[in-house]
A.B. asks: 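Shown below is the structure under consideration.
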There are 2 protein chains.
Amino acid sequence: MSRLGKRAAKSVRPVRDAAATQQQILDAAEQEFAHHGLKGARMSAIAQVAQVTSATLHYYFENKENLYKAVLQRPVDEVQEILAQHDFDALSPEEALKQIIRIAISNEAANPQRQMLWFQESSQNQGAYFKECNVLTLHEYLLKVLERGMKDGSFRPLKPFLTLTYILSICLFYFTVHENWRHLTPEIDRLSPEMIEEHTKEAIAFIWAAIQQRD
Amino acid sequence: MSRLGKRAAKSVRPVRDAAATQQQILDAAEQEFAHHGLKGARMSAIAQVAQVTSATLHYYFENKENLYKAVLQRPVDEVQEILAQHDFDALSPEEALKQIIRIAISNEAANPQRQMLWFQESSQNQGAYFKECNVLTLHEYLLKVLERGMKDGSFRPLKPFLTLTYILSICLFYFTVHENWRHLTPEIDRLSPEMIEEHTKEAIAFIWAAIQQRD
DNA sequence: GTCTATAATACGATAGAC
DNA sequence: GTCTATCGTATTATAGAC
């Protein structure tokens, strides 16, 4: 095989493309850190999945901890960008709430392992880097909608912060436990588009029934 | 100090008490595995907290993996024992549901790190040991209550398995994120008895509003 | 039943060639 | 920008004394 042929075969990740390599490392690291946390993650495992050597990891991110922080930061930036594209104030509290639920679920569905990043961070790091990441955006949008809905009478009186917790737990817990619960109902693929759609519909119905004001 | 004095000082764990040592190891291991998962946990850290040497760990549990399995099994057995003391069929679906919520929350409150054990198991082990542990008990009781409530018309028509997921997520997610969310509201101690009581009341109200049948 | 000492390996990180 | 080779240490596990 000629050198040209070899290069063509590698075209999925061109040699010496810094940006591409960095993305590939972040993708691999996100998986590994989500699965095993900071301590449990293995640099060698990340290197293998990213198809680079561990020396390359250190070249881009210096050490394990910096790589971990970079991995945590990425989803925060992505969510912020998505939320910035919406104007929830222009919607009724009911519609805004349903929009946020759809965003939260579809975002997790696209990255079903991402929530574990934050659980790992919470339990093994006591959330030390959580604050640094300025992760509050989704919480703030949701809080504002809840308060608006209570004010205009479309939601019943609620403890805002507990209700916020419950809404997010309904959306996200589903993805956190799916590997365990797969063993309860092996015939169901909880990550299939159909099941995600059912989850979305049912979650909206559940939450709306829980918080709406009735006569 | 005399040998007698030394022995008295150690009286919290008498020397050469196999049962006590084993419990102490399991307690320490539960903490460590919940915080760091199977790979991330350090045998030396467990040994230090349990106040034994790592050789003692191997004496009782042979290796890391066996210790991990023993740690997973213990909470399952405890929950099964608690549930066996109740006769949910004797209660109305509404009352039975509220009882189960109270049990789930108070159980997590007593061991706020325990849920992370299962999340770790789900994400890093794909729930490989989850099935072995026969952990289904709580799920089964709850499913039965949901189906009974739908049948007698006290609950609205629900997807049983999704609703089960939502109810447990509301009860448990609260504990999983408390270390992270502590940074959002540093003045609140989410594990204080008062906050747990508020969580319990609010969770029951939320869930009941979500699933009750109305005219 | 518990310890000390140590073997054997796994892991993070760096140096230097290309 | 990426690799190979390697250093130093951390970690699991075992052997053998008490």
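Chain A is the first sequence line, chain B the second, and so forth, proteins listed ahead of strands; every chain is numbered from 1.
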A.B. asks: In whole angstrom, give the distance that lies between atom NZ of A:Lys64 and atom P of C:dC11.
C.D. replies: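 Checked: the NZ to P distance equals 9 Å.
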A.B. asks: Residues from residues 25-33 of chain A sitting under 4.0 Å of DNA chain D, heavy atoms only?
C.D. replies: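 None, since no heavy atom is under 4.0 Å.
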A.B. asks: Would you tell me if any nitrogen or oxygen in the side chain of A:His58 comes within less than 4.0 Å of OP1 or OP2 on C:dA13?
C.D. replies: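 True: A:His58 side-chain N/O within range (under 4.0 Å) of C:dA13 OP1/OP2.
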A.B. asks: Could you check which residues of residues 35-49 of chain A get a heavy atom under 4.0 Å from DNA chain D? Sort them by number, please.
C.D. replies: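 Nucleic-acid contacts, sorted: none.
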A.B. asks: Can you give me the N/O atom pairs linking the protein to nucleotides 5-9 of chain C at distances under 3.5 Å, or say none if there are none?
C.D. replies:
none

A.B. asks: With respect to the phosphate group of D:dT2, does any side-chain polar atom (N or O) of A:Tyr59 fall under 4.0 Å of OP1 or OP2?
C.D. replies: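 Result: no.
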A.B. asks: To the nearest Å, how far apart are B:Glu62 CD and D:dT12 P?
C.D. replies: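 Going from CD in B:Glu62 over to P in D:dT12 covers 16 Å.
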A.B. asks: Give the rounded distance in Å between these two atoms: CD of A:Glu65 and P of C:dC11.
C.D. replies: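 Rounding to the nearest Å, CD of A:Glu65 and P of C:dC11 are 19 Å apart.
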A.B. asks: Any carboxylate oxygen within less than 4.0 angstrom of a Lys/Arg side-chain nitrogen, looking at A:Glu179 and A:Arg182?
C.D. replies: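 Judged by the 4.0 Å cut-off on N to carboxylate O distance, A:Glu179 and A:Arg182 do form a salt bridge.
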A.B. asks: Measure from CZ on B:Arg16 to C1' on C:dT2 and round the result to the nearest Å.
C.D. replies: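 That distance rounds to 6 Å.
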A.B. asks: Any side-chain N or O of B:Thr53 below 4.0 angstrom from OP1/OP2 of C:dC3?
C.D. replies: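 Yes, within the criterion.
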A.B. asks: List the residues meeting salt bridge (charged side-chain N to carboxylate O under 4.0 Å, His left out) with B:Lys159, not counting sequence neighbours, and say none if there are none.
C.D. replies: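 If we apply the salt bridge (charged side-chain N to carboxylate O under 4.0 Å, His left out) test to B:Lys159, skipping adjacent residues, the hits are A:Glu198.
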A.B. asks: Can you list every pair that meets side chain to side chain donor-acceptor pair (under 3.5 Å) and has a residue in residues 26-35 of chain A, with sequence neighbours left out?
C.D. replies: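 Every pair satisfying side chain to side chain donor-acceptor pair (under 3.5 Å) with a residue in residues 26-35 of chain A: A:Asp27-A:Arg74, A:Glu30-A:Arg74, A:Glu30-A:Gln113, A:Glu30-A:Arg114.
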A.B. asks: Take atom OH of A:Tyr68 and atom P of C:dG12, then tell me their distance rounded to the nearest Å.
C.D. replies: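 Distance check: A:Tyr68 OH to C:dG12 P gives 15 Å.
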A.B. asks: Please state how far atom CG in A:Asn66 lies from atom C1' in C:dA13, giving the value in whole angstrom units.
C.D. replies: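 Between C1' of C:dA13 and CG of A:Asn66: 13 Å.
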A.B. asks: Is the shortest heavy-atom distance from the side chain of A:His86 to the side chain of A:Leu91 under 4.5 Å?
C.D. replies: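 They are not in side-chain contact.
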A.B. asks: Take the C1' atoms of the five end pairs on each side of the helix from C:dG1-D:dC18 to C:dC18-D:dG1, derive the two axes, and give their angle rounded to 10 degrees.
C.D. replies: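 Here the helix ends are tilted 10° relative to one another.
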